[in-house]
Amino acid sequence: MSSNITSPSPDALSKPIRLVPPIPDSADHRALRAALKKHGMSDRAAGAISTIWTNPKAVLPQVSNPQRRRIPGAYQLVISGEVYTARLVPDPYNPRNADLVQFALAETKDAPPAALAAATEHGVGEMAVHVASPEELTRQLRWAIQTTRNRNTPNPSIAEQGIMDPPIGVATTFFFEEDEAMPMTYPVVREGSSRVSHGHWHLNVSANEVLHQLPRSASSMESHITRLNSYADKPVDEIEPTEQAAVRCAVTEFELIIGVEPDVPGAVDLSQAIKARVAQDHLNPKTRWTTESKNTSLAEECLLSARKADVLGSDNEAMWLGGYLTRDDASRLKIPPYGDDRAAWIIHMFTTNEKTTHDAIRAPIALVLTSDEDAPSRRRAVRVEGNTKLPLGIEVIARELHGAPLFPEAKVTQFRKLLKEALPRNLSTRGLWKRTKRTPEALFEAAFKELSDGFPGGPAGTELWVRAAYVLCKHGMIGGPRHDQGPEGDRRPAGEVLEALLKTEAGLRHLRQVLEDDRVGLRPRRVNDQGQPLKTAAGADVVISNNFLRDKLAPKDGVAEDSILPEDGARKRFSAAMETVQKSVRQLDDSMRNLAGIYMPGDAIPLVEQTGKPDILLLREDLKKLEDTADGWLIAVMEAQNGNSDYEDDLSEEETN
C-alpha cells in the first residue's frame, strides 16, 4: 500500500511526499536490511532501521559508501535521507534536561520519572541502554518529550516550516531487566530532539505510539498515513492550521550514524563520537543549553570515565558519589553517609593533578573542547585545569539538592555560585590536601596544630575549609561580597572570609561545629570558647550567619572580638541592658516634658493639668512600681556589700533633697 500527501498550500511542503507502510515486505527494504547487516549491524538493528525511510532505494547505495562527518579525532560514517518523523524516537535521556534530573540522594517524594542513563557501544552502528522495563522507558520518554518541548521552542516555528535541519541519530537497543521483556531497537535522535518532539506534538503521536505501536504494526502506520493524507486531500481553504502543521511535520531529512573511523585505532568509540558531534553544536561557547544542563551532562561523562579508570572506589561508592543512593543506602553499605564527606571526595577528584584521576576527568572535557581543523596534524592541545573541572564537580554535589525539600531551584542556583566562590582558589596546587576519613574533631586538632606551628591552611586546614564551605553554602550561612554599605561594606569573597577562619582558634572551632551539626541534621550553631553551643534567652540555638562570620569571627580589619567567657558575656549583657534602661529613662523624661508643653489655643495652663486624671493616675502607679523596683535593687546590692547603714544614710539624704 502507498499513498501521496500533496501540498495543501504553497508553503505547507516544498514537494509532495510518498508515504509507505513502515514494515512492507518489499525488495528495497529487504535489500537495505541485508546491506546494513553486511556493514556489520545486528539483524535486530538492521531490521528496525531499514523501515524508517520513505525511499529505501535512495539510501541503499550509501551503506557501502557512507558520508563522512569530521569530529575531533575521528570521522563519523553517516547515511541520510527522508524518514517518517513518527518513526524517530527523541532521546529519552536528552542532556538538555540533565539539570532537572532528581537523584535518590535528594530523597524527594513523588519525583518525576527522570533519569540519566548511559548509552554504550553495542556493535557496529548500534548503541545499548539498560532500562528496568518497557513501561519505565515509556514514562521516561513521555517526560523527556514534554520537558524538552517546554524548554526549547524552535525558531522559525515547526508548525509553519516543518523540521528544517536534519536530526542526527543512531540505532539504539533498549535491554530490560524484566526477563520476559524482549530488547527493542529504535532510531534514537541524539541531536535534534527538540525539533522531533515538537514534530510529534503537531503529528499528535504519543510516546506509547512511537515506541510500541507504529514500529510494531503495519496497520498502525497505515492509519497514521491515512490520517495525514485526509488533511492533504482537503480543499486548501478548508485545511485547519493544525492539520497543515501535521502535514509539514510528516517527514524530515535524517542523518543516521552507522559507524566511526578513529584517527588512532581504539581512541574514539561510537559513544564518544556521538557525544563529540552533539558537543560541536551545543557544549562549546555557542551553546543553547543552560550552563547547568551542560555541566550535569558533562559531569556524568567524567564520572563514567573515572569509574572506568578505577578511581571511584567500589561500585557502591561510585553510586553514592553520583547521587544514586540515599543516606540510608550508604549507611547500610558501610559508606560514610555525610554530605561533607561526599563533597570533599568529589571536589578533590575534580581538582587534583594526580595523573590517573586528572586524566580520567580530563578525557570527556577535552573531547568537547578540542579544536579540530579536519586533520589530526592540526589538532591543538587543550588545557583542562582546576577551574575547568570544578564547576562539573559542583554540579555532581548539587544532585543532593535537586527537588529536595526546602531547596527551590533558586536556592540550588545560589548554592552552585556560592560554593565555587567559597572554596580555595588554588585547590589543584594547594599542598597535599585530600579527602581523608578523619572525624571533625581530628581535623580540628590537626588544623589547630598547623596554626600553632605557624602554617595555617595546610592539608588538614584545607580539608576542613572545603568540607565546611559545602555545609555553610548549603545552609545559606555564607554570602558573597557586600557592596551596598559604603565604608561599612565587606568586599571580600566568601573564600577569603573562610580562609581567615583558619587563622584563629575560634574560627577553627566553629568550622568543626559546622561539620558536627550538619552530620546530625542540625543547622550549624555558634559556640563559646569551651565549644558549647550558645542559647538565646528563650533556650533556642544561636545559629551561624553571614554577618556573624564577617563581622565577629573574621572581621575585615583582621581584629576579632576578644574571647568571651560565660561571666564576661554576662557582664557585657548587663552593661548593655543598663545603658538601654538609662536611655529609656531619659526618653521618658523628655516625653513627660513634651506632654507638659501641650496647651489649648490661648490657654496659659498645660492641658495635662486640666484633664486626663485617669491616665495620670495610671502613669503615677507605673512610675511608682519602677521606683520600688529600683529601690529593691539598691537595697539588695548594698546588703551584698554589707553596707546597709550607708544605704540608709544615702536614702535619707535623697529624701531630704
Side-chain angles (χ1 to χ4, degrees), residues 99 101-108 116 295-296 299-300 302-307 310-352 354 357 360-361 386 389-407 411-412 415-416 418-420 422-424 427 433-440 442-443 459-460 462-475 477-478 498 511-512 514-524:
D99 58 318
V101 171
Q102 296 186 344
F103 293 84
L105 183 58
E107 302 186 26
T108 305
L116 287 175
N295 287 347
T296 300
E300 183 70 9
C302 292
L303 290 178
L304 293 172
S305 178
R307 191 169 185 176
D310 199 25
V311 297
L312 287 188
S314 67
D315 288 345
N316 289 333
E317 288 172 326
M319 293 290 286
W320 164 247
L321 291 179
Y324 295 99
L325 300 178
T326 66
R327 287 173 176 79
D328 288 343
D329 293 334
S331 294
R332 189 168 55 254
L333 295 169
K334 310 301 183 184
I335 300 171
Y338 309 121
D340 68 277
D341 188 69
R342 176 176 175 268
W345 197 342
I346 292 169
I347 289 169
H348 181 263
M349 181 170 59
F350 275 85
T351 57
T352 182
E354 187 277 319
T357 304
I361 299 298
K389 298 182 293 181
L390 180 58
L392 308 183
I394 290 175
E395 200 59 52
V396 176
I397 296 170
R399 293 179 178 184
E400 171 189 352
L401 309 180
H402 285 299
L406 305 179
F407 276 95
K411 282 193 174 182
V412 180
F415 170 81
R416 294 187 189 102
L418 285 178
L419 183 55
K420 184 178 180 181
L423 291 170
L427 279 174
W433 94 275
K434 61 180 180 180
R435 170 254 183 184
T436 68
K437 296 184 179 181
R438 286 180 287 191
T439 64
L443 268 179
T462 300
E463 184 182 1
L464 188 60
W465 177 357
V466 168
R467 290 172 179 265
Y470 150 81
V471 176
L472 291 170
C473 291
K474 182 176 68 173
H475 288 281
M477 292 178 170
I478 184 72
L498 294 184
L511 294 180
R512 174 189 62 190
V514 162
L515 303 188
E516 291 178 342
D517 282 346
D518 187 65
R519 289 186 175 196
V520 295
L522 296 175
R523 287 175 58 78

Student: Step by step, would you call R523 with M477 a side-chain contact (heavy atoms from CB on, under 4.5 Å)?
Tutor: CA-CA 9 Å; R523 287 175 58 78; M477 292 178 170; 3.4 Å; yes
Student: For residues E516 and T439, determine if any side-chain heavy atom of one lies less than 4.5 Å from a side-chain heavy atom of the other.
Tutor: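 Side chain of E516 against side chain of T439, heavy atoms only: no contact under 4.5 Å found.
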Student: Between the main-chain N or O of T436 and the side-chain N or O of E463, is there a donor-acceptor pair closer than 3.5 Å?
Tutor: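 Flag set: sc E463 to bb T436 pair under 3.5 Å.
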Student: Closest approach of L401 and F407, non-hydrogen atoms and distance?
Tutor: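 Where L401 meets F407 most closely, the heavy atoms are O-CB, 3.6 Å.
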Student: Once you round to the nearest 0.5 Å, how far does SG of C302 lie from CD1 of I346?
Tutor: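 Here the interatomic distance stands at 12.0 Å.
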Student: For residues V101 and T296, determine if any side-chain heavy atom of one lies less than 4.5 Å from a side-chain heavy atom of the other.
Tutor: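 No - every pair of side-chain heavy atoms lies 4.5 Å or more apart.
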Student: Applying side-chain contact (heavy atoms from CB on, under 4.5 Å), run through I397 and F415 and close with a yes or a no.
Tutor: CA-CA 10 Å; I397 296 170; F415 170 81; 3.9 Å; yes
Student: Working note: M349 + V396, criterion side-chain contact (heavy atoms from CB on, under 4.5 Å); need CA distance, chi angles, decisive distance, verdict.
Tutor: CA-CA 11 Å; M349 181 170 59; V396 176; over 6 Å; no
Student: Take L333 and W320, measure what side-chain contact (heavy atoms from CB on, under 4.5 Å) needs, and give me the verdict at the end.
Tutor: CA-CA 10 Å; L333 295 169; W320 164 247; over 6 Å; no
Student: Are I335 and R342 side-chain neighbours, meaning at least one heavy-atom pair lies under 4.5 Å?
Tutor: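 No. Closest side-chain heavy atoms not under 4.5 Å.
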Student: Can you tell me how far apart NE2 (H475) and CG (D518) are? Round to the nearest 0.5 Å.
Tutor: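 Output value for this atom pair is 4.0 Å.
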Student: Minimum heavy-atom separation for R467 and R435, please, with both atom names.
Tutor: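 Nearest heavy atoms, R467 then R435: NH2-CG, 3.8 Å.
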Student: Go through K437 and D341 one step at a time and tell me if the salt bridge (Lys or Arg N to Asp or Glu O under 4.0 Å) criterion holds.
Tutor: CA-CA 8 Å; K437 296 184 179 181; D341 188 69; over 6 Å; no
Student: Identify the heavy atoms of W433 and T351 that sit nearest to each other, and give their distance.
Tutor: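 Distance-wise, the nearest heavy atoms are CZ2-OG1, 4.4 Å.
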Student: With a 4.5 Å cut-off on side-chain heavy atoms, are F103 and E400 touching?
Tutor: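 No, their side chains stay 4.5 Å or more apart.
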Student: Where is the tightest heavy-atom contact between L312 and E317, given as atom of each residue plus distance?
Tutor: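 The answer is O-CB, 3.7 Å.
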Student: Is there a donor-acceptor contact under 3.5 Å linking the side chains of D329 and T326?
Tutor: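 Side chains of D329 and T326: pair found under 3.5 Å.
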Student: Work out which heavy atom in P440 is nearest to a heavy atom in R519; give both atom names and the distance.
Tutor: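 Here P440 and R519 meet closest at CD-NH1, 3.5 Å.
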Student: Short question: side chain of R399, backbone of L105 - any donor-acceptor pair under 3.5 Å?
Tutor: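 Between the backbone of L105 and the side chain of R399 there is no qualifying donor-acceptor contact (under 3.5 Å).
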Student: I want to check something: taking the side chain as every heavy atom from C-beta on, are E395 and E300 in contact at a cut-off of under 4.5 Å?
Tutor: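 They are not in side-chain contact.
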Student: Sub-3.5 Å donor-acceptor pair from the side chain of S305 to the main-chain atoms of I361, do we have one?
Tutor: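 Here the side-chain-to-backbone pair does not exist.
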Student: Kindly compute the distance separating OG1 (T462) from NE2 (H348), expressed to the nearest 0.5 Å.
Tutor: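 One gets 11.0 Å once the value is rounded to the nearest 0.5 Å.
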Student: Any side-chain heavy atom of D99 within less than 4.5 Å of one from V412?
Tutor: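 Side chain of D99 against side chain of V412, heavy atoms only: no contact under 4.5 Å found.
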Student: Got P424 and V466 here, is their nearest side-chain heavy-atom distance under 4.5 Å?
Tutor: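 In contact.
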Student: If every non-hydrogen atom of P391 is compared with every non-hydrogen atom of N295, which pair is closest and at what distance?
Tutor: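 The pair with the smallest heavy-atom distance is CB-ND2, 3.9 Å.
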Student: For the side-chain contact (heavy atoms from CB on, under 4.5 Å) test, which of I347, L427, T357, V311 pairs with T352?
Tutor: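 Of I347, L427, T357, V311, side-chain contact (heavy atoms from CB on, under 4.5 Å) with T352 is met by T357 alone.
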Student: Rounded to the nearest 0.5 Å, what's the gap from CG on L418 to CD1 on I394? Could you check?
Tutor: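 Here the interatomic distance stands at 10.0 Å.
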Student: With a 4.5 Å heavy-atom cut-off, do L443 and W465 have their side chains touching?
Tutor: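 Sidechains of W465 and L443: no contact.
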